[in-house]
Structure formats: structure tokens, C-alpha cells
Amino acid sequence: MPSLENNKLYINNSLKREKELFVPLHSPNVGLYVCGPTVYSDVHLGNCRSFITFDMVYRYLSHLGYKVRYVRNITDAGHLENDADEGEDKISKKARLNDLEPMEIVQTYTLGFHDVMAKFNAIPPSIEPTATGHIVEQINMIEKIMEEGFAYEINGSVYFDVEKYNANHNYGVLSGRKIEELISGTRALDGQSEKRSPLDFAIWKKASPSHIMRWKSPWSNGFPGWHLECSVMSTKYLGEQFDIHGGGMDLKFPHHECEIAQNTAANGKEAVQYWMHGNMLTLNGAKMSKATGNTLLPEELFTGNTDKLTKGFAPSVVRFFMMQAHYGSQLDFSNDALIAAEKGFNRLMEAYEKLKSLNAGDGSSDFSIKDWEGRCYKAMNDDFNTPILISHLFEAAKFINSCADQNSRLKEEDLASFKLILKAFIFDVLGLEEINKSEGGNKLDEVVKMLIGMRAQARADKNWALSDQIRDQLSNLGILLKDGKDGTDYSIDS
RNA sequence: GGUUCCGUGGCCGAGCGGCUAGGCAGUGGUCUGCAAAACCAUCUACAGCGGUUCGAAUCCGCUCGGAACCUCCA
């Protein structure tokens, strides 16, 4: 493993639109902020891809030896449903419709989110702050932005003055949008707006009488604008300047653009060094979206209980499927692709299992572990190129199989480091998990081994009828026997 | 309409000027009592048309097709 000083990690910085050498502000400490979910309904698989992507990023940075403070928020207020003026807070609305406390909604879906993340083997962030837990800080930031002259109050609401900000700063640095085009492209200039410009966005909204979620502020009883919470919480926990900010591609504009404006307006400098954007998971060629019903819930995926799938898939298989594509590329979800991924995943895991019981050969090795390790790091250092890493893992699998068939060999010390490196990349970095062979506990394993023993005897007696019967009946149960040179192994179809 | 991006073999997906990943599926072998697994070998590509270059899937232009964002979204 390369040392922190020697490792050269390149990150595709969305802000610069090019790969840049990653140099943390305060190495070995790294600050990572990722936009979390709005907890007003179940997370779908598209949401999960983003979080799994940044889980991988967090894992790799940690693996390299960085001390990462990983902050991912829970949006539990302030997320308006539509245009800022008429919009209702999503959580507030859901609570009103179901006659529940907003915090009941928040609790339900936060727990659901955590449950799904755990199934995907995502490591919880170091800090998971909520918007409602940081109202005071948000009010403070609004005051600061106002003091700097980049926001104005009208009727108890406070708006960020985009045009004023743009006079000395660049509103559009991230998204590549030009303010003039934004103005001309704005629809619904129906004169209802109290904002000075349609581009301005709310950082504090006065609550309408029906709005349940409200807090006292110098301007009104109201609630914070959605974009504000991320600026506030990232600043609070990671400082006015920090290393990496991640999120889905769809958040680039306006959310991230507004975050940049807020931070810069309040603190006079850009907060984020490297912006990373995960691309969309599509279904039938279009982005997953609750609004259109084009979604897949993790639960449907695990159980196969949906007409979009022919069977259920283990969370690790789905994770592996996602890792086979680069995080920056759009990925289309399909049953066929999942089945192919599952087979590949199983092959990789079986090779890893084989490696555990591999014997070292004497003399030299037929495979340069050191070179191979270098290639693995090179792939990950090139903007977290997990598909390339996986291709190297399959190369390793091929070699393991060859050793198991005694066509190749590996000397003692190489074998030891091979095991360590492969384990690190499969489990620590990619975050995959072995699908438990013996779901019914160890007893199933023992029973299968017993049957394998009986079959071996039958084969020795040339009792093919019996040996095939054992094999076929196990096969019908989804237990596949695999005859190798050193006896019989088995795998269980999920 | 504007902004960002993409079109790779039967399918999924890397590569982003020369060395033409990987997985799944296919084909031919080896092994095996047979089969599966495993191993070895192997066939299908770079949307179209121009241009730059000694050389392009990779750069430039145009055409066609698709996506995300410009309302909420991971």
C-alpha cells in the first residue's frame, strides 16, 4: 500500500471540470460533506446510488490513511415542494396530509433510510446533522449574509440577492450557467413574486398560517430555505473551507450553486475545494423519480417483489453492479444487467473463498502481486475508477483459479500479501459483503458436507445413479456442487 | 429555447490520440463416469458524414438519437 505522501489521488472536480490532484487542506485530515436525503418518503434505489458512491469514496480515503470527517445531513425541514413563493415544505405537507407530527414523518423515514444504508453496507457518517437541529446557526448565517449586503427582507421572508452577488462573484461557476440566460429563461413571470428578481432564492420563509413547522426569527415565524442548511452545517462541522463536497448530479443547480453563493457571501471565500457529483441511476432510460412513478424501492429489489425484476437480488450484488460502472456515468438499471452482475459477483467471491485455502508453492510466483497491487491503486487513484479496479480483481480471480487447479503457484510471502490486498479492495474499499453460505446456520453447511461425503462414496463405488441423484436434488434446492481436483465444493443460489 | 453530458461488440460497461479493459452470453478445447465448476483458446465494437494527424473510439465540425438540469429531486 502506498504511503499517504506518495499516493497521488486524482479527483474529477466538477467545479473545474477536470481531474485534479487531491491535496487536502490539512492532511491527513479530510473534510467530506455529502448532501443527504429529504426524509419525507422512502428512499429509492436512485437515491441509494449516490450514497453508495460516497460511501466508496469515504472508504477509499480512509483506506489510504486519511482521517476523514464525513458529514451527511438529514433534510428534515425547509425543502420546498415547488417554486419558492407558493411552495409548501415537503415534510410539513406530508404531516398535514397524514395528520401526524412532522417529526413522526422525519423519524419514520430516517429510520428507513438508515436501515437501507445498513443493508447496502454503507458506513454511517461521522456526523449526521439535521436542519431542524441547526435553526440558530441558520439564522446566524442569514444575518451574516444580510450584513454583507447580499440578502434582503420582504414581508418577513429573506431572499438572497443573486444579481448583487453576481456583480462581484460568479453565480454559475459550478453549473456553467450565465445569469443573463437564467433571467431570460425564467418562466412564470406572473408578477406574483415578492422577490426582486426571479433568480433570487429564499433563505428564510415566513410561514403561512397552515404551515406547521415554524421557528422564531428576527424576520418572522418561519422556516429556513433548503439551500441554507448545507452551507450552515458544512461550515459548522468542517470549517469555512473544507475538502470535498459530494452530491447527486441533479443537485448541481440550483442547490449547489446556491450553496456556493451563500458560503461566499457570508465568509468571503469559496468553501469547497473539490466538488464531486454522482450521476443518475436510470430505469427504462429515464431518471428514477417518485413523481413519475419510475422508481424501484430497495425492498422490492431485495425481494424481487416487483414486475420490473424476475427475482430478488442481494444488496451486495446491487452494490457490485453499481461499482461496475463509474460513479460519474449514467447507469441504466435492468434485470439482465443485474443477473450478469450477480454471476460475476459470485465468481469473484468464490475465487476469494478459494484463495483462503490456497497452499503456497515453493520457489517463485507466476504472478507479480506487487505489479497487480500497483494497478489496483492506479485505478482507484484515477478518480475512483471502480470498474477498472474490478477488472483487476477478476484478473486476480483468474489467477487464483489457476493456482487452485495447480497450473500456477504463488510463494508464501506473496500469498499472504495477496490475501490482504484482495480482502482490502473487495471488502474495505468496495464495501462488498459475502453472501452468507449458510443462511440456516452452520447446520446447513454440515448437512451439505455430509451429502457431499455420501456422494463421494457413491462415486467411488461407481454408483452413478445415487451420486447423480444427490447432485440433482441438491441442485433443485439451489445448492450447486462443484467438483474440483481437491474434492467437491458447493455454492448456494440466492 | 438555454446549460451540462452521452451514443462502444448479443447485453452491461471501461478506455478519452498509437499498446485495441472487465463481466454476462456464444463458440472450440482440456479436465470429469456424465454434467456443472474451473482452466486454455476464440468470434462479434467504437451512431453517421466530413476534417485535423504519420496514426482517432479517443481531437474538431456538422447530422441523427438519448439523458440530466433550467420547478422538487441523489
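Chain identifiers are assigned alphabetically (A, B, ...) following the order of the sequence lines, protein sequences preceding nucleic acid strands; residue numbering begins at 1 within each chain.
Using a 4.0 Å heavy-atom criterion, one finds that A:D468 contacts the bases of the nucleic acid, with or without backbone contacts as well. At a threshold of 4.0 angstrom between heavy atoms, the contacts of A:L331 are confined to the sugar-phosphate backbone, with no base atom among them. Within the nucleic acid shown, A:K343 comes within 4.0 Å of sugar-phosphate atoms alone, with no base atom in reach, counting heavy atoms only. At a threshold of 4.0 angstrom between heavy atoms, the contacts of A:K398 are confined to the sugar-phosphate backbone, with no base atom among them. Residue A:H255 is out of contact with every strand shown, counting any heavy-atom pair closer than 4.0 Å. Across all strands shown, A:L481 has heavy atoms under 4.0 Å from base atoms, whether or not it also approaches the sugar-phosphate. A:D250 comes within 4.0 angstrom of a nucleotide base, judged by non-hydrogen atoms across all strands. A:G278 comes within 4.0 angstrom of nothing in the nucleic acid, heavy atoms only. Using a 4.0 Å heavy-atom criterion, one finds that A:S289 contacts no nucleic acid atom at all. Note on A:R459: a base of the nucleic acid sits closer than 4.0 angstrom, heavy atoms only. Counting any heavy atom pair closer than 4.0 Å across all strands shown, A:L480 reaches no nucleic acid atom. Here A:M249 lies out of heavy-atom contact (under 4.0 Å) with every strand. A:D483 comes within 4.0 angstrom of a base, heavy atoms only.
Closest contact between the side chain of A:Q324 and the listed nucleotides B:A14, B:G22, B:A36 involves B:G22. Comparing B:C24, B:G15, B:C34 by their nearest atom to the side chain of A:R471 picks out B:C34. Candidate nucleotides B:G33, B:A74, B:A21 were compared by shortest atom distance to the side chain of A:S391, and B:A21 ranks first. Among the nucleotides B:A68, B:C72, B:A37, the one closest to any side-chain atom of A:A286 is B:A68. The side chain of A:M288 has B:A74 as its nearest neighbour among B:C39, B:A74, B:G23. Minimum atom distance to the side chain of A:F321 is reached by B:C12, of the listed B:C12, B:C69, B:G23. Checking B:C39, B:C24, B:G13 against every side-chain atom of A:D332, the shortest atom distance belongs to B:G13. Checked against B:C72, B:A74, B:A36, the side chain of A:R49 finds its nearest nucleotide in B:A74. Among the nucleotides B:A68, B:A14, B:C11, the one closest to the side chain of A:D336 is B:C11.
A:S467 contributes a side-chain N or O that forms a donor-acceptor pair with the base of B:G33 under 3.5 Å.
Ring geometry, A:H245 versus A:H256: the interplanar angle exceeds 60°, so the pair is classed perpendicular (tilted spans 30 to 60°).
The P atoms of B:C54 and B:G48 are separated by 24 Å, rounded to the nearest whole Å. B:C6 and B:A25 have their C1' atoms separated by 25 Å, given to the nearest Å. When the P atom is used for both B:C59 and B:C19, the distance is 16 Å, rounded to whole Å. Comparing B:A45 with B:G51, their C1' atoms sit 23 Å apart, to the nearest whole Å. Taking atom C1' on both B:C64 and B:G50, the two are 15 Å apart, rounded to the nearest angstrom. Atom name P, nucleotides B:G9 and B:A21: the rounded distance is 15 Å, in whole Å. Separation of the C1' atoms belonging to B:A37 and B:C31 is 11 Å when rounded to the nearest angstrom. Spacing between B:A41 and B:C34 at atom C1', rounded to whole Å, works out to 24 Å.
By the 4.0 Å N-to-carboxylate-O rule, A:R196 lies too far from A:E163 to be salt-bridged with it. At a threshold of 4.0 Å, the pair A:D115-A:K119 counts as salt-bridged, since one of the basic side-chain nitrogens sits closer than that to a carboxylate oxygen. No salt bridge links A:D55 with A:R72; every basic N to acidic carboxylate O contact stays at or beyond 4.0 Å.
OP1 and OP2 of B:A67 both lie 4.0 Å or more from every side-chain N or O belonging to A:N279. Note on A:R375: every side-chain N or O is 4.0 Å or more away from OP1 and OP2 of B:A21. Put simply, A:N401 has a side-chain N or O that comes within less than 4.0 Å of OP1 or OP2 on B:C39. The side chain of A:R177 contributes no N or O atom lying less than 4.0 Å from OP1 or OP2 of B:G2. OP1 and OP2 of B:A36 both lie 4.0 Å or more from every side-chain N or O belonging to A:S475.
A cation-pi arrangement is present between A:K290 and A:Y40, with the terminal nitrogen or guanidinium carbon under 6.0 Å from the aromatic centre and inside a 45° cone about the axis.
The aromatic ring of A:W464 is stacked on the base of B:G33, with the two ring centres less than 5.5 Å apart and the planes inclined by under 30°.
Between A:F51 and A:F120, the distance separating the two ring centers is not shorter than 6.0 angstrom. Taking the centre of each ring, A:F201 and A:W226 stay at or above the 6.0 Å mark.
When each of A:Y60, A:F394, A:Y377 is checked for a ring pair (Phe, Tyr, Trp, His ring centres under 6.0 Å) with A:F425, only A:Y377 meets the rule.
Across the protein-nucleic acid pair, A:F253 atom CZ and B:A74 atom C1' stand 18 Å apart, rounded to whole Å.
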